[in-house]
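In what follows, a structure is listed as structure tokens, so that the remarks can point back to it.
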Amino acid sequence: MTEYVAQDALIATRLSKVDGEAGQLSISGFALEEISLKFVFEEMIFLLLYGDLPTSAQLDSLKKNLAAHRQLSPSTIEILKIAIRQNLGAMDALRLAISGFTLADSEDSDEEAVKQDAIAIIAAFPSIVAAYWRLLNGLEIIAPSPKLDHASNYLYMLFGEQPINANSRALEIYLNTVVDHGLNASTLTARVIISTRSDILSATVGAIGSLKGPLHGGAPGPALNMIFDIGERSQAEPYLLAKLMKGERLMGFGHRVYRTRDPRAIVLAKATEEMYRAKGDMALFDLARHVEETALRLLAEHKPNRVIKTNVEYYTALILHELNIPKDLFTATFAISRVVGWMAHCLEQKRQDRLIRAKGFYVGVEGRDWVSIAQRGD
Ligand code: ACO
């Protein structure tokens, strides 16, 4: 099979295809709308790391492999305690904990060895986030359960009880939906680091830093705050209008690539609606729908030259809230999924083995004359 290589900032990938005009996303050739609802999350991990659907034996083996790497070492727990003493948020704690890992990966490891490291990193993310949260709240850390899958284990380690199937499934749909998305900022960060022949731990640490920003993975917390601040339907228009008049951004709207509704938002909106309906209380969902409709109308009026539609973060906020995941863990929960995409891109970048260098263009002054410091005046 021909392996395409990156040229300057143009990067070839077989992992996901984002069509911003049509509003379509496929993962390894499969439509996201289909697989996000049908897959267990481990199937998604397999597809991204190995490029194909797993057989049931391959899926079992991957599940066992993940289970073998879920338990945190005492030194990782110590690092999390330090992070908490320093008042660090979940993403910074995650960054610090991952920095403290030692893996077998090295510049000349073969692909399978790097893949094993990638699986170890993926397995550890939910354990780190849950342990951080429990320690922060003065609670005992809960060891992962060998009987539970990746999504259920996260909820179990956070809350200490086995989640009901509907909650595990809702989380799994969320994890499937946000797992990979072309050359987004955090994935690109990871690939740039790997392209220098650095290691996957460094790439993971860089990607965590990139995802943390409010224009990327940090949006769902503020999106939920916005809905709660609005509180009732009559307040949606004055609240959103005031924000736009102040030049502020409405969180959960707009995307660099999509010029139509983010297809992930469509999947998550449906899953969220079903979840709220099954729980028998639609009040928050209905308010969120009203806020969304109002925001879209106002954005179209106030930014007529720009198509700004709902992005994935808007419904992420609602689904994670309904799962009782604290707002402070929203971005870290996103990272639990996206780390799989990062790892797959790191492996692909390693195979391509070409340094990524962005093409800049100089816009500064040319041909200036140097003057000595004595001649520069006061
Ligand atoms: N609310 C208000 N105005 C917006 C919004 C928004 N959500 N998004 C874009 N705009 C406006 C900008 O203010 C700017 O207006 P101007 O030309 O009058 O100055 C114009 O649209 C273009 O802005 P850019 O930042 O250049 O647009 P881009 O498409 O690159 O932005 C981004 C994408 C950064 C996601 C932006 O839409 C945004 O800030 N959204 C809010 C944050 C958010 O929801 N982030 C999550 C993204 S999804 C993800 O990362 C998984």
Side-chain angles (χ1 to χ4, degrees), residues 9 15-16 18-21 23-25 27 32 36 91 173-190 206-227 229-230 236-269 272 288 291-321 327 329-342 345 358:
L15 297 167
S16 56
V18 185
D19 183 339
E21 294 301 323
Q24 284 169 357
L25 169 63
I27 309 281
L32 177 87
S36 59
M91 287 298 276
I173 291 172
Y174 166 71
L175 297 176
N176 281 341
T177 304
V178 300
V179 70
D180 192 43
H181 198 238
L183 273 295
N184 61 85
S186 55
T187 301
L188 177 63
T189 306
I208 292 169
S210 177
L211 187 71
K212 179 185 153 189
L215 296 190
H216 189 10
L224 190 65
N225 287 343
M226 185 176 79
I227 298 167
D229 286 351
I230 290 171
E237 180 144 355
Y239 178 97
L240 296 170
L241 200 55
K243 270 201 175 298
L244 289 174
M245 297 317 276
K246 279 191 267 172
E248 289 178 23
R249 294 188 176 210
L250 306 184
M251 290 299 170
F253 297 90
H255 199 274
R256 176 61 62 83
V257 178
Y258 291 119
R259 290 295 158 255
T260 178
R261 203 175 185 214
D262 183 335
R264 301 166 301 170
I266 299 173
V267 172
L268 284 191
T272 310
V291 170
E292 181 187 14
E293 283 159 17
T294 311
L296 292 175
R297 176 167 51 76
L298 294 175
L299 283 166
E301 283 166 23
H302 289 262
K303 304 280 175 188
N305 302 323
R306 188 93 190 164
V307 182
I308 304 174
K309 300 286 187 194
T310 318
N311 67 43
V312 67
E313 303 289 34
Y314 192 75
Y315 285 99
T316 291
L318 289 182
I319 213 163
L320 297 186
H321 173 70
K327 233 178 331 181
L329 297 188
F330 281 5
T331 310
T333 305
F334 184 0
I336 286 172
S337 167
R338 185 55 64 86
V339 65
V340 179
W342 297 337
H345 278 268

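Being a predicted model, the structure only gives us computed values, none of them experimental. Both counts, for ligands and for their atoms, begin at 1 and track the order of listing.
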Spell out, as yes or no, whether a donor-acceptor pair under 3.5 Å connects the side chain of Tyr314 to the backbone of Ala288. yes
Given 3.5 Å as the limit, does a donor-acceptor pair link the side chain of Thr187 with the main chain of Leu183, or not? no
Within this structure, what is the [atom1]-[atom2] distance for the pair [X] and [Y], rounded to the nearest 0.5 Å?
{"X": "Leu215", "Y": "Ser210", "atom1": "CG", "atom2": "OG", "value": "10.5 Å"}
{"X": "Thr272", "Y": "His321", "atom1": "OG1", "atom2": "NE2", "value": "12.0 Å"}
{"X": "Asn184", "Y": "Leu211", "atom1": "CG", "atom2": "CG", "value": "8.0 Å"}
{"X": "Gln24", "Y": "Leu32", "atom1": "CD", "atom2": "CG", "value": "11.0 Å"}

Contact atoms of ligand 1, heavy-atom distance to [X] under 4.0 Å:
{"X": "Leu299", "value": "1 (N), 2 (C)"}
{"X": "His255", "value": "29 (O), 33 (C), 37 (O), 48 (S)"}
{"X": "Gly252", "value": "43 (C), 44 (O)"}
{"X": "Met251", "value": "41 (C), 42 (C), 44 (O)"}

Do me a favour and list the nearest non-hydrogen protein atom to [atom] with residue, atom name and distance?
{"atom": "atom 51 (C) of ligand 1", "result": "Glu313 OE2, 3.6 Å"}
{"atom": "atom 49 (C) of ligand 1", "result": "His216 O, 3.5 Å"}
{"atom": "atom 3 (N) of ligand 1", "result": "Lys303 CE, 3.8 Å"}
{"atom": "atom 40 (N) of ligand 1", "result": "Phe253 O, 2.9 Å"}

Quick check: [X] and ligand 1, any N/O pair under 3.5 Å apart?
{"X": "Glu248", "result": "no"}
{"X": "Leu250", "result": "yes"}
{"X": "Arg264", "result": "no"}
{"X": "Leu215", "result": "yes"}

Which option out of [options] puts a heavy atom nearest to [atom]?
{"atom": "atom 5 (C) of ligand 1", "options": "Ile308, Asn184, Thr331", "answer": "Ile308"}
{"atom": "atom 22 (C) of ligand 1", "options": "Lys309, Arg306, His181", "answer": "Arg306"}
{"atom": "atom 37 (O) of ligand 1", "options": "Gly254, Gly218, Pro222", "answer": "Gly254"}

Arg249 and ligand 1 - part of the residue with a heavy-atom distance under 4.0 Å: both
Determine whether the side chain, the backbone, both or neither of Arg256 has a heavy atom under 4.0 Å from any heavy atom of ligand 1. both
Between ligand 1 and Asn305, can you find any atom pair, the residue atom being a heavy atom, that is separated by under 4.0 Å? no
Within 4.0 Å of atom 17 (O) of ligand 1 (strictly less), any protein heavy atom? no
Of the non-hydrogen atoms in [X] and [Y], which two are nearest, and what is the gap between them?
{"X": "Asp180", "Y": "Ser16", "answer": "OD2-OG, 2.7 Å"}
{"X": "Trp342", "Y": "Ala335", "answer": "CH2-CB, 4.4 Å"}
{"X": "Gly20", "Y": "Thr260", "answer": "O-CG2, 3.8 Å"}

As a test of understanding, state which of Val178, Val179, Thr177 forms a side chain to side chain contact (heavy atoms under 4.5 Å, CB included) with Ser36. Thr177
Considering only residues two or more places apart or on different chains, which pairs with a residue in residues 209-218 satisfy salt bridge (charged side-chain N to carboxylate O under 4.0 Å, His left out)? Asp92-Lys212
Tabulate below the donor-acceptor pairs under 3.5 Å that side-chain atoms of residues 241-257 make, not counting sequence neighbours, or state none.
from	atom 1	to	atom 2	distance (Å)
Lys243	NZ	Glu248	OE1	2.8
His255	ND1	Val257	N	2.9
His255	ND1	Tyr258	N	3.4

